[in-house]
Amino acid sequence: MVRKIKAKLVLRLRSEGLTGRQIAAQGMWLFTIEGVARV
């Protein structure tokens, strides 16, 4: 099953200074977070 990526949330949290691992702790896959941050 495909999960919807919350790209806006990831980008906002990254701009606030959170690391990928800190964002992943909130229930997202680290692979997805790195993919969004790369774009």
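Residue indices begin at 1 and follow the sequence shown. These figures come from a predicted structure and were not determined experimentally.
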**OP:** Quick one: pull up NZ in K6 and CD in Q26 and give me the separation to the nearest 0.5 Å.
**Re:** 10.0 Å

**OP:** Mind checking the CD-CD1 spacing from E34 to I23? Nearest 0.5 Å is all I need.
**Re:**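 One finds 10.5 Å between CD of E34 and CD1 of I23.
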
Original post:
Looking at I33 and A24, what are the two nearest heavy atoms and their distance?
Top reply: CD1-N, 3.4 Å

Original post:
With sequence neighbours left out, which residue pairs that include part of residues 15-33 fulfil the salt bridge (Lys or Arg N to Asp or Glu O under 4.0 Å) condition?
Top reply: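 Qualifying pairs: R12-E16.
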
Original post:
Can M28 and L9 be said to form a side-chain contact (heavy atoms from CB on, under 4.5 Å), step by step?
Top reply: CA-CA 11 Å; M28 293 183 218; L9 176 61; 3.3 Å; yes

